[in-house]
Every structure is written in structure tokens, then in C-alpha cells.
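Here's the structure we're looking at; comments come further down.
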Amino acid sequence: MTDFGRRVWHLIGKIPRGQVASYGQIARWLGRPRHARLVGMSLRSCPSGVAWHRVVNARGGISLRAAHGSMLTQRILLEQEGVLLRSGRVSLARYGWQGPGKVSRPRRRHGG
DNA sequence: GACTTGACTAGAC
DNA sequence: AGTCTAGCCAAGT
């Protein structure tokens with residue numbers, strides 16, 4: 001695996017439980033704004049322990065295909081963390097990670 | 001080293 | 001809201 005790949009795993013490991021990040025965001029935080037696809041490529045061979053399921057596409061949807069047999073798995077894993085999907089999508093406004101160095105915002109159901 | 005592939009993204013219709 | 005197209009760039013063959 002490339003050095004970039006390892007950085008991807010490391011960063012993904014920092015995504016708080018119950019939140020998600022997009023491929024593009026991860027690439028940007030690693031200083032590679034055009035390497036969103038490379039992020040996904042790195043996840044193809046990610047080691048166990050990496051919360052790969054917290055990575056979704058820019059629309060908040062799951063980019064995996066049935067061919068990988070993990071499309072449903074990701075949804076299940078996300079919902080186990082309290083991340084609910086609406087029409088196959090996640091609300092990035094609500095579950096989107098702010099990024100490294102940012103404090104996780106408190107989640108609340110109602111206004112506050 | 002050229003060609004193909006891909007867990008992406010933004011824009012247009 | 002769903003589909004199609006163009007752009008992107010490194011890994012794999």
C-alpha cells in the first residue's frame with residue numbers, strides 16, 4: 001500500500017463514531033483535493049479495524065456496488081452507530097465530520 | 001511506458 | 001429527483 005493509503009486509514013480512524021466523511025473531504029484533508037478516487041482505492045485493501053464504513057460519497061450515498069458484496073454491510077454498520085440513511089443517503093449536514101482538528105459538534109434532535 | 005480501470009465529483013438536462 | 005457527461009489522477013495490467 002502506498003504512503004497515501006496509510007494516511008487515509010489513519011485519518012479515517014479519527015472519524016468519530018456516528019459521523020461520516022466523504023472521499024473528497026478525506027483527500028482534501030490529506031492535501032490531495034483531486035484524489036478522492038484514490039481514497040476509495042486505498043479502502044479496497046484497508047486492514048480490519050479501519051472504520052471504512054464511515055466514508056461515503058459527496059452525496060452522502062454509498063458508492064460500493066453489489067459486486068463487492070459490502071453495499072448492504074456499510075448501511076448496517078452505519079445504522080449501528082446511529083447514522084440513519086434516507087433514500088439511501090446520509091445527511092452530511094447532520095452526520096458530516098468537521099475534519100481533523102475540529103471538535104465534534106453536539107448532535108441534537110431538536111433546536112437548541 | 002501506453003491503455004484500462006475505478007469504493008469520486010461537479011455540472012447539465 | 002434521476003440520468004448522462006466531462007474531468008480528474010494514480011494504481012493495475
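Keep in mind that this is a model prediction, so the values were computed, not measured.
- One interatomic measurement links the two molecules: CG of L64(A) to P of dG6(B), which rounds to 13 Å at whole-angstrom precision.
- Note: CG (L92(A)) to P (dC8(B)) measures 15 Å, nearest angstrom.
- Proximity of L38(A) to V8(A): side-chain heavy atoms (C-beta onward) are nowhere separated by under 4.5 Å.
- Taking the side chain as every heavy atom from C-beta outward, M1(A) and S45(A) approach each other to under 4.5 Å.
- Nucleotide dT9(B) holds its P atom 9 Å from the CD atom of Q25(A), rounded to whole Å.
- Within 4.0 Å (heavy atoms only), S42(A) reaches no atom of the nucleic acid at all.
- Across all strands shown, dA1(C) remains unpaired; no Watson-Crick or G-U wobble contact has both distances below 3.5 Å.
- Taking only side-chain nitrogens and oxygens, R37(A) never comes nearer than 4.0 Å to OP1 or OP2 of dT4(B).
- Ranked by how close their nearest DNA chain C nucleotide is to the 5' end, M1(A) and R34(A) are led by R34(A).
- Listed nucleotides: dC8(C), dA10(C), dT9(B). Nearest to the side chain of M41(A): dA10(C).
- If you take CZ of R32(A) and P of dA11(C), they are 11 Å apart, rounded to a whole angstrom.
- Using the Watson-Crick or G-U wobble rule with both distances under 3.5 Å, dA7(B) pairs with nothing in any strand shown.
- Between R75(A) and I62(A) the shortest side-chain heavy-atom distance falls below 4.5 Å.
- Using a 30° and 60° split on the angle between ring planes, W97(A) and W29(A) fall in the perpendicular class, above 60°.
- Put simply, S22(A) has a side-chain N or O that comes within less than 4.0 Å of OP1 or OP2 on dT9(B).
- Look at CZ on R6(A): it is 15 Å from C1' on dA11(C), rounded to the nearest Å.
- Looking at heavy atoms from C-beta onward, W52(A) lies in side-chain contact with Q74(A) at the 4.5 angstrom threshold.
- For L38(A), taking side-chain heavy atoms from C-beta onward, the closest of the listed nucleotides dC8(C), dA10(C), dA7(B) is dA10(C).
- Per the geometry, CZ belonging to R28(A) stands 14 Å off P belonging to dC9(C), to the nearest Å.
- Neither OP1 nor OP2 of dC9(C) sits under 4.0 Å from any side-chain N or O of H35(A).
- Rounded to whole Å, atom P of dT5(B) lies 14 Å from atom CZ of R44(A).
- L43(A) has its CG atom 22 Å from the P atom of dT5(B), to the nearest Å.
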